[in-house]
Peer 1: 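Pasting in a structure now, in C-alpha cells, and then I'll have a few things to ask.
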Amino acid sequence: MHWLTATQGLRDRREAGVLVTLVSVRGHAPRDAGAKMVVSAQGTWGSIGGGNLEQTALEQARRLLDEGASAPQQLTLTLSDKARTEHGRQCCGGEVGILLEPLAVVPSVAVFGVGHVGHELARILSRHDLDLHLVDSREEQLSPGRMPWLADAVARVHVHPSPLPEMVLDQLPAGTHVLVMTHDHAEDHALCDAALRTSHLATIGLIGSSTKWSRFERGLLADGHGPDAVARIRTPIGLPDLAGKEPATIAVSVAADLLRVVSAAGAVRPAEAATGR
C-alpha cells in the first residue's frame, strides 16, 4: 500500500500513527533517501529497508505512539558490522538519517445549527485541521451554495441534514466537542438532553444568555440529570471579554474559546494556504 493511502486510512479510522522517512543516506543502504513507512499501534505499511534499520525505527515509532508524542524525532543509524544492533547486523556500510513524524488523531467538532452564527463559525473552523461535523434540521442551511468555502476547506467537513439533530450524536466519533446553537430553543434543549445521555462525547457547549441557561438547567434537572451531569454543559460559550453581537464577532469568540479547549487534546494546525505558503 502506498504511504499516502496508508496515512489516509489512519485518518479515516481516526487512528494515530507515525510517518517514518529516510531523509539522508551516506554510503550504501537498502533504500534511497525518501523511502517511507507508516506505523500504527497494530500495523505497518511500506518499508525503509528491512533488518535492524527498519525494526529499530519501528520500535521507536511505537514508543512515540505509546508516549503520545507530537514532535518529530530524528534518528541516525550506522549500517556496519561494527555497529551495535538489537535485531541482527546490516553490513551495507552506510549511514542513514531517519525522521519520525507523529500523525495525531485530529480533533472532532460538531456544530449543531448552521444559522447566521453557525455559518460564520463553520467558515472559521474549516480553516483548521480537524473533523468538522455540521448538523441542521433545515436541509437548505447545509446546501453547497451557502457554503462556497467548502471548496478549499482544510478541515474534513461532514454535513448532516437531519429533522431530528439529536439522532446524529450517536454517529459522531468518540471525543467530539459539541456546540449547540440551533434556531430553536426547544431543539437546543433536546440536544443538551441527548448529549448528556451520550457517553462518548468530549465537551458540550451551549450558546445563549444566563436567562436561557437558568431555564435549561431547571429543565435538565427535571429530565433526570444530576447536578454534576448538567454542569458538563459549558455556557455561555466564547471569550467573555470580546464584546459585540454581530454573527462574525460571536463566531470569532466561540472559535477562539473552542480552539483553546481542544488544544490539550492535540494541535490544531491552521491552513498553510491562509498564511500564503
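For the single chain, residues carry numbers from 1 onward in sequence order.
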Peer 1: Between H116 (side chain only) and A248 (backbone N and O only), is there a donor and an acceptor less than 3.5 Å apart?
Peer 2: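 Absent.
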Peer 1: Give, for atom CE of M167 and atom CG of L164, the distance between the pair rounded to the nearest 0.5 Å.
Peer 2: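 Atom-to-atom, M167:CE and L164:CG are 6.5 Å apart.
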Peer 1: Contact between M37 and L22 at the side-chain level, heavy atoms closer than 4.5 Å - yes or no?
Peer 2: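 No. Closest side-chain heavy atoms not under 4.5 Å.
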Peer 1: Hydrogens and angles aside, do E95 and T76 bring a side-chain donor and acceptor to less than 3.5 Å of each other?
Peer 2: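 There is no such pair (donor and acceptor under 3.5 Å, judged by atom type) between the side chains of E95 and T76.
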Peer 1: If you compare all heavy atoms of I98 against all heavy atoms of I48, which two are closest, and at what distance to 0.1 Å?
Peer 2: CD1-CD1, 4.3 Å
Peer 1: Looking at T235 and L206, would you say the former's side chain and the latter's main chain have a donor-acceptor pair under 3.5 Å?
Peer 2: yes
Peer 1: Counting N and O atoms only, with roles assigned by atom type, does the side chain of T249 sit under 3.5 Å from a partner on the main chain of K245, one being a donor and the other an acceptor?
Peer 2: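 Judged by distance alone, no pair lies under 3.5 Å.
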Peer 1: Would you sort out whether H177 and L179 count as a side chain to side chain contact (heavy atoms under 4.5 Å, CB included), showing the intermediate values?
Peer 2: CA-CA 7 Å; H177 299 270; L179 295 172; over 6 Å; no
Peer 1: Any side-chain heavy atom of V230 sitting closer than 4.5 Å to one from F216?
Peer 2: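 When only atoms from C-beta onward are counted, F216 and V230 do not touch, as no gap falls below 4.5 Å.
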Peer 1: Quick one: list whatever passes side-chain contact (heavy atoms from CB on, under 4.5 Å) with A195, sequence neighbours left out.
Peer 2: L169, L201, I204
Peer 1: Classify the side-chain pair Q8/R11 by whether it contains a donor and acceptor separated by less than 3.5 Å.
Peer 2: no
Peer 1: Is the shortest side-chain N to carboxylate O distance from D66 to R62 below 4.0 Å?
Peer 2: no
Peer 1: May I ask you to decide whether R197 forms a salt bridge with D170, counting only side-chain N to carboxylate O separations under 4.0 Å?
Peer 2: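 No salt bridge links R197 with D170.
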Peer 1: State whether R14 and D131 are salt-bridged, where the test is any N-O pair (Lys NZ or Arg NE/NH1/NH2 against Asp/Glu carboxylate O) under 4.0 Å.
Peer 2: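 Salt bridge present between R14 and D131.
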Peer 1: Spell out, as yes or no, whether a donor-acceptor pair under 3.5 Å connects the side chain of E54 to the backbone of G49.
Peer 2: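 The answer is yes, because a donor-acceptor pair under 3.5 Å joins these two groups.
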Peer 1: Taking the side chain as every heavy atom from C-beta outward, state whether L58 and T44 have any atom pair closer than 4.5 Å.
Peer 2: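 A side-chain contact exists here, since the closest heavy-atom pair is under 4.5 Å.
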Peer 1: Short question: side chain of T198, backbone of A194 - any donor-acceptor pair under 3.5 Å?
Peer 2: yes
Peer 1: Provide the closest heavy-atom pair for A61 versus V18 in the form atom of the first, atom of the second, distance.
Peer 2: O-CG2, 3.6 Å
Peer 1: If you group Ile, Leu, Val, Met, Phe, Trp and Tyr by side-chain heavy-atom gaps below 4.5 Å, do I233 and L172 land in one group?
Peer 2: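 Both belong to a single hydrophobic cluster.
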Peer 1: For H128 and L130, indicate whether the former's side chain and the latter's backbone hold a donor-acceptor pair under 3.5 Å.
Peer 2: no
Peer 1: Using the rule given for side chain to side chain contact (heavy atoms under 4.5 Å, CB included), can you reason through V135 versus V111, listing the C-alpha separation, both sets of side-chain angles and the distance that settles it, and then say yes or no?
Peer 2: CA-CA 6 Å; V135 191; V111 177; over 6 Å; no
Peer 1: Looking at every heavy atom in both P102 and A69, which two are closest together, and how far apart are they?
Peer 2: CB-O, 3.3 Å
Peer 1: Write down the atom of A255, the atom of L125, and the distance for their closest heavy-atom approach.
Peer 2: CB-CD2, 4.3 Å
Peer 1: So do H119 and P247 actually touch side chain to side chain, heavy atoms under 4.5 Å?
Peer 2: no
Peer 1: Starting at OG1 of T21, measure out to CD of Q74 and round the result to the nearest 0.5 Å.
Peer 2: 11.0 Å
Peer 1: Using distance alone, with no hydrogens and no angle criterion, decide if D193 and H225 have a side-chain donor and acceptor under 3.5 Å apart.
Peer 2: yes
Peer 1: What is the distance from atom CD of Q171 to atom OG1 of T176, rounded to the nearest 0.5 Å?
Peer 2: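 Taking CD in Q171 and OG1 in T176, the distance rounds to 11.5 Å.
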Peer 1: Heavy-atom distance under 4.5 Å between the side chains of I250 and I207, does that happen here?
Peer 2: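 With C-beta onward as the side chain, the pair touches.
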Peer 1: Kindly determine whether L10 and V38 satisfy side chain to side chain contact (heavy atoms under 4.5 Å, CB included), including the steps that lead there.
Peer 2: CA-CA 9 Å; L10 289 177; V38 177; 3.7 Å; yes
Peer 1: Does some side-chain heavy atom of R234 sit less than 4.5 Å from a side-chain heavy atom of V261?
Peer 2: yes
Peer 1: Can you tell me if S40 uses its side chain to pair, donor with acceptor, with the backbone of Q42 under 3.5 Å?
Peer 2: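 Flag set: sc S40 to bb Q42 pair under 3.5 Å.
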Peer 1: Quick one: do R127 and D152 make a salt bridge, cutoff under 4.0 Å?
Peer 2: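 Yes, charged N to carboxylate O under 4.0 Å.
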Peer 1: If you apply the rule side chain to side chain contact (heavy atoms under 4.5 Å, CB included), what do you find for H160 with L134, and how did you get there?
Peer 2: CA-CA 6 Å; H160 304 270; L134 304 179; over 6 Å; no
Peer 1: Kindly work out whether a path of hydrophobic side-chain contacts (I/L/V/M/F/W/Y, heavy atoms less than 4.5 Å apart) joins W213 to M181.
Peer 2: no
Peer 1: For residues R215 and H185, is any side-chain donor paired with an opposing acceptor at under 3.5 Å?
Peer 2: yes
Peer 1: Indicate yes or no for a side-chain donor-acceptor contact from R26 to the backbone of V96 under 3.5 Å, with no hydrogens or angles considered.
Peer 2: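 No, R26 side chain to V96 backbone: no donor-acceptor pair under 3.5 Å.
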Peer 1: Output the distance between atom NZ (K36) and atom OG1 (T7), rounded to the nearest 0.5 Å.
Peer 2: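 One finds 10.0 Å between NZ of K36 and OG1 of T7.
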Peer 1: Rounded to the nearest 0.5 Å, what separates atom CG in L150 from atom OG in S143?
Peer 2: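 So the CG of L150 and the OG of S143 are separated by 10.0 Å.
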Peer 1: Keeping S126 on the side-chain end and R123 on the backbone end, is there a donor-acceptor pair under 3.5 Å?
Peer 2: yes
Peer 1: So do H133 and S108 actually touch side chain to side chain, heavy atoms under 4.5 Å?
Peer 2: yes
Peer 1: List the steps, then state whether salt bridge (Lys or Arg N to Asp or Glu O under 4.0 Å) holds for D223 with R218.
Peer 2: CA-CA 9 Å; D223 290 337; R218 290 193 301 271; over 6 Å; no
Peer 1: Hey, quick one: are V117 and L191 part of the same hydrophobic cluster, counting side-chain heavy atoms closer than 4.5 Å, chains of contacts allowed?
Peer 2: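 No.
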Peer 1: Are F112 and I237 in one and the same hydrophobic cluster, where Ile, Leu, Val, Met, Phe, Trp and Tyr link if side-chain heavy atoms are under 4.5 Å apart?
Peer 2: no
Peer 1: Can you see which heavy atom on V114 is nearest to which on D136, and at what distance?
Peer 2: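 For V114 versus D136, the nearest heavy atoms are N-OD2, 2.7 Å.
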Peer 1: Under 4.5 Å between side-chain heavy atoms, counting indirect links through other Ile/Leu/Val/Met/Phe/Trp/Tyr residues: same cluster for L103 and M1 or not?
Peer 2: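 Yes: a chain of side-chain contacts under 4.5 Å links L103 to M1.
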Peer 1: Working to the nearest 0.5 Å, report the span between NE2 of H158 and CG of L132.
Peer 2: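 It comes to 8.0 Å.
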Peer 1: Taking the side chain as every heavy atom from C-beta outward, state whether W149 and I124 have any pair of such atoms under 4.5 Å apart.
Peer 2: no
Peer 1: Is the backbone of L239 close enough, under 3.5 Å, to the side chain of S253 for a donor and an acceptor to pair up by distance?
Peer 2: yes
Peer 1: Which atoms form the tightest heavy-atom contact between P161 and E139, and what is the distance?
Peer 2: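 That closest heavy-atom pairing would be CB-CG, 3.9 Å.
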